[in-house]
Amino acid sequence: MATAGGDADPPQPFPADLDDNGFPSLPSSPAATTSSGGFAEDFYRSGTDWSSLRAPPPRRPPPEGAPGLKTKGKEGGSLVQSSLFQAWGAERLRREGAGAGESSLVQRSLFQAWGIEGPKREGVGAEDPSPSPSRSGSWSGRKRRRGGPDEASAAAAAMNPRTCPFYKKIPGTPFTVDAFRYGEVEGCSAYFLSHFHHDHYGGLNKKWCHGPIYCSALTARLVKMCLSVNSDYICPLELDTEYVIEGVTVTLLEANHCPGAALIHFRLSDGKTYLHTGDFRASRSMQLHPLLQRGRINLLYLDTTYCNPKYKFPPQEDVIDFVVSTARRYLKKQPKTLIVVGAYSIGKENVYLAISQALEVPIYTDASRRRILHSFGWMDLSKRICSCNQSSPLHVLPLGSVNHENLKKYLGTLNQRFLAVLAFRPTGWTFSEATGKQLDLIKPSSKGSVTIYGVPYSEHSSFTELKDFVMFVRPLKVIPTVNVGNAASRDKMQAYFREWLKGS
DNA sequence: GCGATCAGAT
DNA sequence: CACATCTGATCGC
């Protein structure tokens with residue numbers, strides 16, 4: 001029963017509202033069967049489950065100074081940056097329940113307090129991003145109507161693929177995650193952005209006016225730089241720092257996905273704890289995080305991009321070693337080789353950074369990517385970037401242009417400075433089962449002077465990594481956020497979750 | 001002509 | 001199959 005009751009009040013129990021597939025139990029909602037299932041039904045369900053949002057959209061935030069955002073040192077407002085558990089190992093997390101107090105405001109790094117190194121920001125880090133549920137197909141977008149719960153319009157909204165799906169809403173809070181393409185989401189007064197990939201920030205543009213956008217500081221810079229969103233809406237949060245936002249304690253954790261990507265940890269005033277992974281690559285070191293070591297997770301919103309045992313790939317370090325040694329070998333044989341690494345907007349930086357470090361060459365890429373890379377503020381990366389394509393044998397190009405036809409052409413534009421091209425396409429899905437284990441088995445595709453390697457460099461968790469992570473976290477419930485488009489896929493994933501969590 | 005949206009390609 | 005766009009067509013203003 002997706003009760004309507006919780007409006008405005010204490011967060012209601014949530015898991016009870018989910019079926020075995022992590023989907024909201026259908027209330028006796030009428031018309032639910034209008035369509036033949038699949039997308040339409042999913043979106044119908046999504047569209048009709050408002051139980052996960054708390055009542056009245058606290059009127060649109062005044063675009064003056066981050067809506068309720070009080071940064072370090074200031075007080076008041078609905079966001080309070082609070083002291084992270086003093087001396088972690090020894091003391092307890094701030095008392096649950098009493099936690100939401102809005103007073104203290106000491107910013108403290110979790111890792112500092114905990115006595116270990118913060119998340120690595122260099123060396124090897126990024127992985128392969130994942131998409132979020134894709135849009136559904138075939139309705140022409142009709143205008144959203146707000147207001148009246150009249151059934152006709154409710155049904156219309158329900159059928160509208162632009163209705164925010166339930167798995168982007170955080171129950172008992174007025175929050176959504178990566179839900180910008182639906183216009184104003186009813187009941188949502190704070191919009192979280194997990195990372196800066198198009199399928200997650202889609203819908204953000206200069207006309208955005210539906211509420212504050214909370215994200216990591218790095219993601220915030222990218223939003224500001226690339227999307228011309230009114231910066232009054234952008235609310236940067238530091239990693240590993242507790243903030244109280246609308247009465248909920250929120251902490252961002254390194255997601256090991258692309259630069260700026262974060263897991264989002266919510267602790268409600270009633271003690272319930274939810275973790276949204278955004279897109280992430282799970283790892284052992286992630287399990288060391290204090291927030292995952294202690295305390296129970298009630299609900300896990302999981303990046304299930306590769307939630308199938310056929311997805312196996314090596315640790316990113318192994319792939320990087322392979323790429324580096326391959327590059328060395330080709331350069332030795334032909335010193336006038338151009339090394340190319342393909343990449344989307346952000347992500348895969350560690351592949352070319354590692355080559356740059358190992359071969360002691362700068363990184364060339366075009367002006368728009370340079371601007372983005374510099375915005376990370378990673379000196380180890382920035383100091384290696386150059387703007388002259390003749391000055392470096394290491395170029396970063398858009399992934400789409402890393403094919404034989406383009407590379408041959410590209411080589412031709414470089415004035416004989418190079419005689420051959422060795423290119424890498426780091427993607428999470430171009431690999432055979434075999435090469436997932438044995439990198440040496442990867443066979444390049446060669447044509448004339450151009451050689452292209454597809455390498456299994458993933459910025460999403462492999463099946464095994466997902467399993468380890470879920471078994472470690474032992475959430476009471478898992479809500480997949482990817483591959484939820486059809487029921488068969490959902491059932492399969494849920495069967496894995498059950499298996500992993502049985503007896504837990 | 002522009003931006004937003006969508007089908008299809010890569 | 002998938003990734004995360006990218007391109008090109010269509011629609012609305």
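Proteins get letters first, then strands, A, B, ... in listed order; numbering begins at 1 in each.
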Using a heavy-atom cut-off of under 4.0 Å over every strand shown, decide if A/Asn205 touches base, sugar-phosphate, or nothing. sugar-phosphate
Do A/Tyr457 side-chain and C/dC3 base share a donor-acceptor contact under 3.5 Å? no
Can you name the nearest heavy-atom pair linking A/Leu399 to A/Arg425, along with the distance? O-NH1, 3.2 Å
Below the 4.0 Å mark, does C/dT5 have OP1 or OP2 next to a side-chain nitrogen or oxygen of A/Ser345? yes
Can you tell me the distance, in whole Å, between the CZ atom of A/Arg281 and the P atom of C/dA2? 20 Å
I'd like to know whether the aromatic ring centres of A/Tyr201 and A/Phe196 sit less than 6.0 Å apart in this structure. yes
Which nucleotide in C/dC1, C/dC3, C/dT5 has an atom nearest any side-chain atom of A/Val482: C/dC3
Between the base of C/dA2 and the side chain of A/Tyr306, is there any donor-acceptor pair under 3.5 Å? no
Grab the CG-P distance between A/Leu397 and B/dT10 for me, whole Å please. 19 Å
Quick one: does A/Ser445's side chain have a donor or acceptor within less than 3.5 Å of a partner on A/Ile452's backbone? no
Can you tell me the distance, in whole Å, between the CZ atom of A/Phe313 and the C1' atom of C/dA2? 11 Å
Consider the side chain of A/His197, meaning its heavy atoms from C-beta on, and name the nucleotide among C/dA2, C/dC1, C/dT5 that approaches it most closely. C/dT5
When rounded to whole Å, the CZ to P distance for the pair A/Arg425 and C/dA2 reads 16 Å
Considering every strand and a 4.0 Å limit on heavy-atom distances, what is the contact class for A/Lys207: base, sugar-phosphate, or nothing? sugar-phosphate
When rounded to whole Å, the CZ to C1' distance for the pair A/Arg181 and C/dT5 reads 12 Å
Could you check how far NZ of A/Lys492 sits from P of C/dA2, rounded to whole Å? 14 Å
Within the modelled atom types, does a donor on one side and an acceptor on the other bring the side chain of A/Lys348 and the base of C/dC3 under 3.5 Å apart? no
Rounded to the nearest Å, what distance is computed from the CG atom of residue A/Leu204 to the C1' atom of nucleotide C/dT5? 17 Å
Options C/dT5, C/dA2, C/dC1, nucleotide nearest the side-chain atoms of A/Tyr344: C/dT5
With no hydrogens and no angle check, do the side chains of A/Ser285 and A/Ser283 hold a donor and an acceptor under 3.5 Å apart? yes
Closest listed nucleotide, where the reference is the side chain of A/Thr305 and the choices are C/dC1, C/dC3, C/dT5: C/dC3
Among A/Arg284, A/Lys312, A/Arg281, which one satisfies salt bridge (Lys or Arg N to Asp or Glu O under 4.0 Å) with A/Glu465? A/Arg281
Using whole Å, report how far CG of A/Asp199 lies from P of C/dA2. 13 Å
